[in-house]
Structure formats: structure tokens, C-alpha cells
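Note that the numbering runs from 1 along the sequence shown for the chain.
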Amino acid sequence: MSRLTSNALIGGVCLSILHLFWLILVAAGWAQALMDFIFKVHMLNSPFQVQPFNLSYAITLLAITFGIGMFYGVAFHVIKRAFNR
């Protein structure tokens with residue numbers, strides 16, 4: 001496997017795992033409390049309300065974030081190669 005492919009997969013997996021944790025919090029019913037806390041420590045009011053867990057939205061979120069993470073993995077690889085020359 002090439003380094004470009006490895007970096008793309010690493011980026012995709014890392015970003016997807018971050019969002020998988022968010023989906024677990026939503027499914028467990030803990031996401032709203034965490035989001036409210038995060039806004040509070042930033043001294044902000046939260047205008048957002050967490051919606052009920054939806055499996056099709058969850059799969060879509062993971063797929064999109066995997067793709068975006070792969071893009072950033074490729075960008076990281078290209079930038080790193082440019083600096084190493």
C-alpha cells in the first residue's frame with residue numbers, strides 16, 4: 001500500500017471515529033448535555049438542539065466525514081512531500 005493511500009485512510013478513519021463517538025453520545029442520550037456544557041464553558045448560549053438518533057443520517061455522517069478525512073490525508077501527504085524536498 002502506498003504512503004498516499006495510507007495517509008488518506010488514516011485521515012478518513014480518524015475523522016470518522018471522532019464522529020462515531022458523537023453518534024454514540026446521541027444514541028445514548030448524552031449529546032445534548034455535553035453540547036450544552038461545551039457552549040457554557042465558552043460562555044455562549046447554545047441555539048442547537050440534538051435531534052433523535054437516526055441510523056440513515058448516522059451512516060451518511062460517517063461516510064461524508066470519511067471522505068473529507070481522506071481528502072485531508074491526501075493534502076497532508078502532498079504538503080509533507082513538498083516540505084521534504
Side-chain angles (χ1 to χ4, degrees):
M1 181 181 319
S2 73
R3 289 181 195 247
L4 175 65
T5 305
S6 296
N7 286 334
L9 290 174
I10 290 167
V13 168
C14 288
L15 195 57
S16 294
I17 287 174
L18 177 68
H19 285 82
L20 178 62
F21 288 134
W22 173 254
L23 292 172
I24 291 168
L25 291 171
V26 171
W30 300 335
Q32 186 69 54
L34 176 62
M35 194 170 67
D36 291 343
F37 172 75
I38 290 170
F39 273 93
K40 183 179 255 185
V41 297
H42 287 89
M43 293 163 272
L44 298 169
N45 289 326
S46 174
F48 302 106
Q49 181 179 7
V50 176
Q51 299 299 309
F53 182 80
N54 180 308
L55 184 60
S56 64
Y57 288 163
I59 292 169
T60 302
L61 176 65
L62 290 176
I64 290 170
T65 56
F66 183 79
I68 292 169
M70 286 186 69
F71 170 79
Y72 280 111
V74 169
F76 169 79
H77 177 80
V78 170
I79 293 167
K80 183 180 173 189
R81 286 195 65 192
F83 277 105
N84 284 338
R85 289 184 182 193

(message) Measuring from atom CD1 of I64 to atom CD1 of I68, what distance do you get when rounded to the nearest 0.5 angstrom?
(response) 7.0 Å
(message) Rounded at 0.5 Å granularity, tell me how far CG in N54 sits from OG1 in T60.
(response) 8.5 Å
(message) Is it the case that atom CZ in F53 sees more than 12 heavy atoms from other parts of the structure closer than 6.0 Å?
(response) yes
(message) Hydrophobic cluster membership, with links at side-chain heavy-atom distances under 4.5 Å among I/L/V/M/F/W/Y: are F76 and L9 in one?
(response) no
(request) Return the minimal non-hydrogen interatomic distance between Q51 and V26, and the atom names on each side. (result) O-CG1, 3.8 Å
(message) Please find the pair of heavy atoms, one from G69 and one from L15, that lie closest to each other, and give the distance.
(response) N-CD2, 3.7 Å
(request) Examine L55 and W30 and state if one hydrophobic cluster contains both, with Ile, Leu, Val, Met, Phe, Trp and Tyr joined whenever side-chain heavy atoms are less than 4.5 Å apart. (result) yes
(request) Identify whether L62 and I59 are in the same connected component of the hydrophobic contact network (ILVMFWY, side-chain heavy atoms under 4.5 Å). (result) yes
(request) Please assess W22 against L18 for the test side-chain contact (heavy atoms from CB on, under 4.5 Å), listing each intermediate value before the final yes or no. (result) CA-CA 7 Å; W22 173 254; L18 177 68; over 6 Å; no
(request) Spell out, yes or no, whether L23 and I38 are grouped together once hydrophobic residues are joined by side-chain heavy atoms under 4.5 Å, including indirect joins. (result) yes
(message) Would a single hydrophobic cluster contain both L4 and F71, if residues Ile, Leu, Val, Met, Phe, Trp and Tyr are joined by side-chain heavy-atom contacts under 4.5 Å?
(response) no
(request) Test F83 against I79 for side-chain contact (heavy atoms from CB on, under 4.5 Å), laying out the working first. (result) CA-CA 6 Å; F83 277 105; I79 293 167; 3.5 Å; yes
(message) Please check if the number of heavy atoms outside F39 that lie under 6.0 Å from its CZ is greater than 12.
(response) yes
(request) Heavy atoms only: give me the nearest F48-Q32 pair and the separation to one decimal. (result) O-NE2, 3.4 Å
(message) Looking at every non-hydrogen atom in both residues, tell me the closest pair between M35 and S46 and how far apart they are.
(response) CE-OG, 4.0 Å
(message) H77: which residues meet the side chain to side chain donor-acceptor pair (under 3.5 Å) condition with it, sequence neighbours left out?
(response) N7
(message) With rounding to the nearest 0.5 angstrom, report the CZ to NE2 distance, F66 to H19.
(response) 14.0 Å
(message) Rounded at 0.5 Å granularity, tell me how far CG in N45 sits from CG in D36.
(response) 10.0 Å
